Amino acid sequence: MYKEKIHAYKVFAEDLSKAKLKNVMLIHGEEEYLIKWAVDSVINKYVSSATKQMNISVFDETEMSSTDLVSAVCEACETLPLFSDKRVIVVKEMKALSSDSSQAIKDADLQLLCSSIEKLQDEAILIFTARNVDKGKKLPKEIIKTGKEYNFDRLDRKDLASFANKRFKQAKKNISNANMHLLLDETGYFNRESDYDLYTFMNDISKLIAASGDVIEEKAIRELVIRDEDTFVFNLLDSIAAGRKDRALAQLHNILGDGGDEFQLIGSIVSQFELMYCTKQMLDEGMQVREIASKLKANEYRIKNITKYTQGFSAEKLSKVLSSAYELSSQITTGLLKSSMALELFIAGI
């Protein structure tokens, strides 16, 4: 008999409400929004707001060596809470969660950490968080043996709709089933290799709530939701600003390799740079966001989002980029260049 898979966030929520959480947890997966929600939920339940500074310890291996991290975590685990039910220790992105190599963690440090996990006092909660975990490695095995694992991977369609509906109801907004399906489709959340996550979804939901009356309409969804192709253009701009065109090229290959529509992608590139160029010109003339949105007959939130990307470009530079985008579209449409090569050349030339 088929049994519907229950997402880990539901299991976590039930464990939390029934006080069944283990003292040691491994919380990982693609959805960083849910990981943060889970950690915050533990803190809010077990640590009083007045004593948070004394009873919460957060360690990140990107900020210290593995040996220093293990020493600090073990010390925190042995420290009793002050004026609170529990002490919460959060360990972020430990290399040993995905590797047993000596570069990830020394044997002596691993043994010390595993010993602390086994002997963890009842007054402490130790949470390991990471995006990627190899459960076959020694540290994850020890955590799972002693505690519990929650894998916050991407939501399915039913859970994503429920996630959105809950927030629309909290804001006293109504959305039809048809428009809910449109919203989910427009996001590109279910596309393989998509960068669209729950943080982006929450941002889009907030924009829809702020821009709508009592009902979330189709027009608002089509205007405000950041589609997967639009996400690529914004990521492209972020990468250029950071001097990382290699990252933009990798994202391009992911989208095209996933069967993405190159003509839809090109259309999005042209559309975004047209809007950026017009917005930049008007900003240079001293116009405000609301006035620009009115002049361009565009949504104010979209213009506000575009504005931050115009800051790294002069109007002259945007004009040249836009000309290149038009040339790109022409080259692909007429068959002068393959779409992948033309897009690569366009990115390299920005």
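What you see is a predicted model, and the numbers here were worked out from it, not measured in a lab.
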Got a sec: does the [atom1] of [X] have more than 12 other heavy atoms crowding it under 6.0 Å?
| X | atom1 | answer |
| --- | --- | --- |
| Glu316 | CD | no |
| Met202 | CE | yes |
| Asp214 | CG | no |
| Lys92 | NZ | no |
| Lys45 | NZ | yes |
| Lys36 | NZ | no |
| Glu75 | CD | no |
| Lys52 | NZ | yes |

Checking the side chain of [X] only, and the main-chain atoms of [Y] only, is there a donor and an acceptor separated by less than 3.5 Å?
| X | Y | result |
| --- | --- | --- |
| Lys173 | Gly213 | yes |
| Ser329 | Tyr326 | no |
| Ser84 | Tyr46 | yes |
| Ser294 | Arg290 | no |
| Asp100 | Lys137 | no |
| Lys280 | Phe313 | yes |
| Thr279 | Leu275 | yes |
| Lys86 | Asp122 | yes |
| Glu93 | Arg131 | yes |
| Ser323 | Ser319 | yes |

At what distance, to the nearest 0.5 angstrom, does [atom1] of [X] lie from [atom2] of [Y]?
| X | Y | atom1 | atom2 | answer |
| --- | --- | --- | --- | --- |
| His28 | Glu149 | NE2 | CD | 3.5 Å |
| Ile56 | Thr51 | CD1 | OG1 | 7.5 Å |
| Asp40 | Asn44 | CG | CG | 6.0 Å |
| Gln281 | Lys295 | CD | NZ | 13.0 Å |

**Asked** Side chains of Asp197 and Thr200: is there a donor and an acceptor less than 3.5 Å apart?
**Response**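 Checked: Asp197/Thr200 side chains pair up, N/O donor to acceptor below 3.5 Å.
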
With heavy-atom distances below 4.5 Å as the criterion, would you say the side chains of [X] and [Y] are in contact?
| X | Y | value |
| --- | --- | --- |
| Ile127 | Tyr150 | no |
| Phe190 | Leu160 | yes |
| Phe201 | Tyr33 | no |
| Asp204 | Glu186 | no |
| Leu21 | Val42 | yes |
| His181 | Arg157 | yes |
| Phe128 | Ile117 | yes |
| Ser212 | Glu217 | no |

**Message:** Once you measure the plane-to-plane angle for Trp37 and Tyr9, does it fall in the parallel (<30°), tilted (30-60°) or perpendicular (>60°) bin?
**Reply:**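 Trp37 and Tyr9: perpendicular rings.
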
**Stepwise side chain to side chain contact (heavy atoms under 4.5 Å, CB included) check, Phe152 with Glu32** = CA-CA 8 Å; Phe152 289 156; Glu32 294 178 8; over 6 Å; no

**Item:** Glu123/Arg87 salt bridge by N-O under 4.0 Å criterion
**Value:** no

**Request:** May I ask you to decide whether Arg154 forms a salt bridge with Asp159, counting only side-chain N to carboxylate O separations under 4.0 Å?
**Result:**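 Salt bridge: no.
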
**Request:** Measure across Ile143 and Val24 and return the closest heavy-atom pair with its distance rounded to 0.1 Å.
**Result:** CG2-CG1, 3.6 Å

**Message:** If hydrophobic clusters are built from ILVMFWY residues whose side chains come within less than 4.5 Å, do Val133 and Ile35 share one?
**Reply:**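 Not linked; separate clusters.
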
**Item:** ILVMFWY network linking Met276 to Leu328, side-chain heavy atoms under 4.5 angstrom
**Value:**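 Shared cluster, yes.
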
**Prompt:** Can you list the steps and then say if Met94 with Leu113 is a side chain to side chain contact (heavy atoms under 4.5 Å, CB included)?
**Reply:** CA-CA 12 Å; Met94 250 192 112; Leu113 184 56; 3.9 Å; yes

**Message:** Between Tyr189 and Phe163, is the ring centroid distance below 6.0 Å?
**Reply:** no

**Message:** My understanding is that only residues two or more places apart in sequence, or in another chain, count here; which of them pass ring-ring contact (aromatic ring centres under 6.0 Å, His included) with Phe59?
**Reply:**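 If we apply the ring-ring contact (aromatic ring centres under 6.0 Å, His included) test to Phe59, skipping adjacent residues, there are no hits.
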
**Item:** From CA spacing to verdict: side chain to side chain contact (heavy atoms under 4.5 Å, CB included), Leu208, Leu183
**Value:** CA-CA 10 Å; Leu208 287 168; Leu183 171 60; 3.8 Å; yes

**Asked** Other than Leu82, what residues sit in its cluster of Ile, Leu, Val, Met, Phe, Trp and Tyr side chains whose heavy atoms are under 4.5 Å apart, directly or through others?
**Response** Met54, Phe83

